[in-house]
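Down below is the structure, laid out as structure tokens.
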Number of protein chains: 2
Amino acid sequence: MSDDTRSLVRSTALRLFRERGYAATTMRAIAQEAGVATGNAYYHFASKDHLVQELYLDVNREQTQAARTVLAQGGDLATRLRGVLLAGVDAFAEYHAFGGEFITVAIRPGSAASPFSPESSESRQLSQAIFRELVEGASPAVPSVLRDELPELLWLAQLGVTLFWVYDGSPGQRRTRTLIEGIAPLIGRLVRLSRLPVLRGAADDVLALVRAVRA
Amino acid sequence: MSDDTRSLVRSTALRLFRERGYAATTMRAIAQEAGVATGNAYYHFASKDHLVQELYLDVNREQTQAARTVLAQGGDLATRLRGVLLAGVDAFAEYHAFGGEFITVAIRPGSAASPFSPESSESRQLSQAIFRELVEGASPAVPSVLRDELPELLWLAQLGVTLFWVYDGSPGQRRTRTLIEGIAPLIGRLVRLSRLPVLRGAADDVLALVRAVRA
DNA sequence: GCGGCAAGTTGAACATGTTCAACTGAACAT
DNA sequence: ATGTTCAGTTGAACATGTTCAACTTGCCGC
């Protein structure tokens, strides 16, 4: 049955990715372990990248679930941001050994696994919704001028943290965790300060820049 | 002669990269155009990545030269940063069509072409020296607390801008230029404000974080 | 049942990065 | 002259992502 084959190929690929990484998992191996012909895998998934994209989707769902738990507890912006970012690092942890391989696939513009690709739209929606919830549910409330743009900026910040994580060779990715512990309160502080007259201009500049660049 | 062969392969590869991009330039094509056997290219360059690394070195030298001209004119931090970043975008411009392919090579940890790789150390030194000069020669002078860490942060910011550039599909990469025009004065402003008591704490946090994360 | 169509499946074929055992020839020692 | 060595060079061989023409299967209309 087609659906069975598809999901069999999918789960086999994900298992092998976990066990051997990206490069060492050949399409032939995936097909063989799944008991189908090589070409059959390509009938269900347009490329190896598309299988990686499936893996991202899995990780993403895991992070989303953990993040919801964190957000349910309330808290201020910094606390919530810290929790969500740590949930992300935790969800990715088991792939860290091959993080570099996977990031290579994700970063290529036009790749199905790129966080900006149409194929990743489900992942992206899921993830951006979390950051919107993060901002909107924060107390004390985020200044209203920032409320529209901040979620997307934080989502981008997470991509940055993930990039850092890929290069983080420290045991248990301690440096990435240090980065998160530092950057979450820092962002919280800057958001709070953005109300002050001295910083009001800078904050407006940031927002204007974001809008100009997006257009 | 060995040196001749090496430089012939090198220049042939760079020309083909410019003309056809990364993926469409096969090692066989490089060897054939250079009039040598495929294996011979591998005798002189350990991998295709190493040839890309040569290309980066070229672009880097070009940017460095343009940046020196900019820096020779003095100016404040924002002006100098703007000039250096624009010089970088200009140097890379002719490769934009294939930027995504090349970034893929550069981003892979362990790749020779990664900006953090030992092989790229010459490029990196060159580039970081520019940012040091940028900061040190700025007038009004950069607050002394920041003077040590800022150059490396700006170098990283340039990597970020380059990453943005790769994804920038606007004609002439206008959006990247908009980003630079906006972010340079913004950074200048924040650096100036970092002296104020309100922001002093945040600035210290940033520096402490940078140091903690590096260790 | 039967014809036929579309979905699903197969495995060989192709292009490409990379490796490697074999060969070449120049420089040098005897 | 002859032998030796070794950097430089060769091209076939290998592994892998991807494609494709052919084959099989399940199903629908009759």
Side-chain angles (χ1 to χ4, degrees), chain A residues 1-14 16-17 19-55 98 100-108 110-114 117 119, chain B residues 1-14 16-17 19-55 98 100-108 110-114 117 119:
Chain A
M1 233 166 314
S2 169
D3 276 0
D4 286 0
T5 305
R6 187 189 150 87
S7 101
L8 181 61
V9 169
R10 193 191 114 100
S11 62
T12 306
L14 265 53
L16 293 184
F17 282 150
E19 291 173 6
R20 314 179 184 175
Y22 175 78
T25 300
T26 70
M27 290 298 282
R28 281 170 182 76
I30 294 170
Q32 193 176 342
E33 288 262 324
V36 302
T38 315
N40 200 356
Y42 279 92
Y43 180 80
H44 293 287
F45 297 94
S47 76
K48 200 178 172 183
D49 282 12
H50 283 76
L51 281 165
V52 172
Q53 152 61 16
E54 294 290 326
L55 182 147
F98 314 113
E101 295 187 317
F102 289 120
I103 202 80
T104 298
V105 178
I107 205 117
R108 187 183 316 129
S111 159
S114 159
S117 77
E119 289 92 338
Chain B
M1 231 168 314
S2 169
D3 276 0
D4 285 0
T5 304
R6 188 187 148 89
S7 100
L8 181 61
V9 169
R10 192 191 116 102
S11 61
T12 305
L14 265 53
L16 293 184
F17 282 150
E19 291 173 4
R20 313 178 184 175
Y22 176 76
T25 299
T26 70
M27 290 299 281
R28 282 169 182 77
I30 294 170
Q32 193 177 341
E33 288 261 325
V36 302
T38 314
N40 199 357
Y42 279 92
Y43 179 80
H44 293 287
F45 298 95
S47 76
K48 200 177 172 183
D49 283 12
H50 282 76
L51 281 166
V52 173
Q53 152 61 16
E54 295 289 326
L55 184 146
F98 314 112
E101 293 185 318
F102 289 121
I103 203 81
T104 298
V105 178
I107 205 117
R108 187 181 315 129
S111 159
S114 159
S117 77
E119 288 92 338

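Model, not experiment: these values are computed from the prediction. Proteins come first, then strands; the chains are lettered A, B, ... in the order of their sequence lines, and each starts at number 1.
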In whole angstrom, give the distance that lies between atom [atom1] of [X] and atom [atom2] of [N].
X: Leu16(B); N: dT16(C); atom1: CG; atom2: C1'; answer: 15 Å
X: Phe45(A); N: dG8(C); atom1: CZ; atom2: P; answer: 13 Å
X: Arg20(A); N: dA15(D); atom1: CZ; atom2: P; answer: 15 Å
X: Gln32(B); N: dT10(D); atom1: CD; atom2: P; answer: 13 Å
X: Leu51(A); N: dT16(D); atom1: CG; atom2: P; answer: 16 Å
X: Asp4(A); N: dT25(D); atom1: CG; atom2: P; answer: 17 Å
X: Asp49(B); N: dT18(C); atom1: CG; atom2: C1'; answer: 12 Å

>> Whether Asn40(A) contacts dG8(C) is assessed here as follows: a side-chain N or O lying under 4.0 Å from the phosphate OP1 or OP2. Is that the case?
In response: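 Checking Asn40(A) against dG8(C): no side-chain N or O falls below 4.0 Å of OP1 or OP2.
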
>> It should be established whether His44(A) places a side-chain nitrogen or oxygen under 4.0 Å from OP1 or OP2 of nucleotide dA7(C).
In response: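 No, because none of the side-chain N or O atoms of His44(A) sits under 4.0 Å from OP1 or OP2 of dA7(C).
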
Which nucleotide wins on minimum distance to the side chain of [X], given the candidates [options]?
X: Thr5(B); options: dT18(C), dT9(D), dT18(D); result: dT9(D)
X: Met27(A); options: dG17(D), dG11(C), dG11(D); result: dG17(D)
X: Thr26(B); options: dT18(D), dT9(C), dT16(C); result: dT16(C)
X: Tyr43(B); options: dT18(C), dT10(C), dA7(D); result: dA7(D)
X: Tyr42(A); options: dG17(D), dT18(C), dT10(C); result: dG17(D)
X: Arg28(A); options: dT10(C), dT10(D), dC14(C); result: dC14(C)

> Which comes earlier along DNA chain D counting from the 5' end, the contact point of Thr25(A) or that of Gly39(A), where each point is its nearest nucleotide?
Replying inline: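 First, find each residue's nearest nucleotide; the 5'-ward one identifies Thr25(A).
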
>> Mind checking if Thr38(B) touches a base, just sugar-phosphate, or nothing, with heavy atoms under 4.0 Å?
In response: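 Here Thr38(B) touches the bases of the nucleic acid.
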
> Would you call Val105(A) and Lys48(A) a side-chain contact if the rule is heavy atoms closer than 4.5 Å?
Replying inline: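 No, too far: nothing below the 4.5 Å cut-off.
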
>> Side chains of Asp49(A) and Glu119(A), heavy atoms from C-beta outward: is any pair under 4.5 Å?
In response: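 Of all side-chain heavy-atom pairs linking Glu119(A) with Asp49(A), none is under 4.5 Å.
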
>> Under a 3.5 Å cut-off for both contacts, is dA15(D) paired Watson-Crick or G-U wobble with anything, and if yes, with which nucleotide?
In response: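 Result: dT16(C).
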
Are the side chain of [X] and the backbone of [Y] linked by a donor-acceptor contact shorter than 3.5 Å?
X: Arg6(A); Y: His44(A); result: yes
X: Ser117(A); Y: Ser114(A); result: yes
X: Glu54(A); Y: Arg10(A); result: no

